[in-house]
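What follows is a set of notes on a single structure, which appears directly below.
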Protein chains: 2
Amino acid sequence: MNKIRRKPTHPGCILREDYLKPLSITVTDMASKLNVSRKTLSKILNEKGAVTPDMALRLSRAFGTTPDLWLNLQKNVDLWEAENLSRDWRRVRPLPETMLLVNKDEKRI
Amino acid sequence: MNKIRRKPTHPGCILREDYLKPLSITVTDMASKLNVSRKTLSKILNEKGAVTPDMALRLSRAFGTTPDLWLNLQKNVDLWEAENLSRDWRRVRPLPETMLLVNKDEKRI
DNA sequence: GACTCTTGTAACCGTTAAGGTTACATACGT
DNA sequence: ACGTATGTAACCTTAACGGTTACAAGAGTC
């Protein structure tokens, strides 16, 4: 049960450091190429906005990656935040073994 | 470049068929155990609602799975829908090879 | 110094979605 | 006939996305 301890890397960090910096392209130009507003891209780069499925598709088109590369990064951030934002989910009790065993038995029928 | 052709399986389908049916637990009771409203769970089971990170944490607690199991299923659905909902993202042009090559050169410096 | 470009961001908009409560009609089993 | 389980509609609050516009700050150029 490995729990994530520190906050996962935001996709905006990867995009900024590994993709945009080496290209020395301006935020304005990149937003134009992605066909989104400068604000939308800027928010992601400053880690104040999320990479949505639509944005992941645009990034994958521009850089020749999979959309999942970006969505997985975002998913890890979202999960980390959900874990830390509220603790109510920790009150959910695991279903008793007995129920899970019944489950397995029925699968064999 | 394998593209998903048919709509990915909704997490509500997995939850319904593989987890709840074998347990023969009512939706009402399961919602209670998850500490969410009956409506929230019902929407997911009928594939009319999304599994949020918070919900994924609750499901992972109840069934002893990873939260990622549920979030990955949801991510695939979200991506498929984004691909098919709008086509504007297809207008994003891949960055020219020349820029990507400059990228690689700079990495070597 | 004056000018331009770039950038982050605030203020505003419309749209969408999550999650809750309440209420209702239907269906099922006793 | 009765209670239970269910889907769902109606309504509310909160919040996030994405867009436009506008402003202030910084960096570079002439």
Side-chain angles (χ1 to χ4, degrees), chain A residues 10-13 15-17 19-21 23-59 61-62 67 70-71 73-75 77-89 91-92, chain B residues 10-13 15-17 19-21 23-59 61-62 67 70-71 73-75 77-89 91-92:
Chain A
H10 193 283
C13 178
L15 179 58
R16 172 169 27 90
E17 300 297 328
Y19 287 84
L20 293 195
K21 274 193 180 172
L23 292 180
S24 42
I25 189 177
T26 67
V27 176
T28 305
D29 283 351
M30 192 63 217
S32 171
K33 286 185 188 302
L34 292 171
N35 214 30
V36 297
S37 74
R38 181 169 63 87
K39 173 197 169 186
T40 298
L41 180 58
S42 178
K43 279 187 69 175
I44 291 172
L45 290 175
N46 290 284
E47 309 185 13
K48 289 173 181 173
V51 172
T52 60
D54 181 75
M55 190 52 142
L57 286 167
R58 292 171 195 274
L59 293 173
R61 290 274 300 172
W70 306 102
L71 287 182
L73 290 166
Q74 186 62 53
K75 184 197 61 177
V77 172
D78 291 343
L79 183 56
W80 188 90
E81 286 179 349
E83 280 175 343
N84 293 91
L85 183 71
S86 140
R87 284 185 195 78
D88 186 67
W89 60 273
R91 300 183 43 226
V92 176
Chain B
H10 193 282
C13 178
L15 179 58
R16 171 169 29 89
E17 300 298 327
Y19 288 84
L20 294 196
K21 275 193 179 171
L23 292 179
S24 43
I25 189 179
T26 68
V27 175
T28 304
D29 283 352
M30 192 63 218
S32 172
K33 287 185 186 302
L34 292 171
N35 214 31
V36 298
S37 73
R38 182 168 62 87
K39 172 195 168 187
T40 299
L41 180 58
S42 177
K43 278 187 68 175
I44 292 173
L45 290 175
N46 290 284
E47 309 186 14
K48 289 173 182 174
V51 172
T52 61
D54 181 75
M55 191 51 146
L57 287 167
R58 293 172 194 273
L59 293 173
R61 291 273 301 173
W70 306 102
L71 287 182
L73 289 167
Q74 187 62 53
K75 185 196 63 177
V77 172
D78 291 344
L79 182 57
W80 189 89
E81 286 180 348
E83 281 176 343
N84 292 92
L85 184 71
S86 139
R87 284 185 194 79
D88 186 68
W89 61 272
R91 299 182 44 226
V92 175

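Naming convention: chains lettered A, B, ... in sequence-line order (proteins, then strands); numbering from 1 in each chain. For clarity, every value in this text was computed on a predicted model and none was experimentally measured.
- Listed pair A:Lys39 / D:dG18 fails the phosphate criterion, with no side-chain N or O lying under 4.0 Å from OP1 or OP2.
- Remark: P of D:dG18 and CG of A:Leu45 are 13 Å apart, rounded to the nearest angstrom.
- Between B:Arg58 and B:Asp54 there is a salt bridge, with a side-chain nitrogen of the basic residue lying less than 4.0 Å from a carboxylate oxygen of the acidic one.
- Contact check, B:Thr52 against C:dG19: a side-chain N or O comes under 4.0 Å of OP1 or OP2.
- Using a 4.0 Å cut-off, some side-chain N or O of B:Thr28 falls inside it from OP1 or OP2 of D:dT6.
- With rounding to the nearest 0.5 Å, the separation of CG in A:Leu41 from CG in A:Leu34 is 6.0 Å.
- Close to C:dG20, at under 4.0 Å from its OP1 or OP2, lies a side-chain N or O of B:Thr40.
- Note on B:Ser42: a side-chain N or O is less than 4.0 Å away from OP1 or OP2 of D:dG7.
- A salt bridge links B:Arg91 with B:Asp88: at least one charged nitrogen is closer than 4.0 Å to a carboxylate oxygen.
- Atom CG of B:Asn35 and atom C1' of C:dA18 are 16 Å apart (whole Å).
- The CZ-P distance, from A:Arg58 to D:dG18, rounds to 9 Å in whole Å.
- Put simply, CH2 on B:Trp70 and CE on B:Met55 are 9.5 Å apart, with the number rounded to the nearest 0.5 Å.
- We find that CG of B:Asp88 is positioned 12 Å from P of D:dG18, with the value rounded to whole Å.
- Take the nearest nucleotide of DNA chain C for A:Asn46 and for B:Val51: the residue whose nucleotide is more 5' is A:Asn46.
- Between A:Thr26 and C:dT7, a side-chain N or O to OP1/OP2 separation shorter than 4.0 Å is present.
- Contact annotation: B:Lys48 reaches the phosphate of D:dT8 (side-chain N/O to OP1 or OP2, under 4.0 Å).
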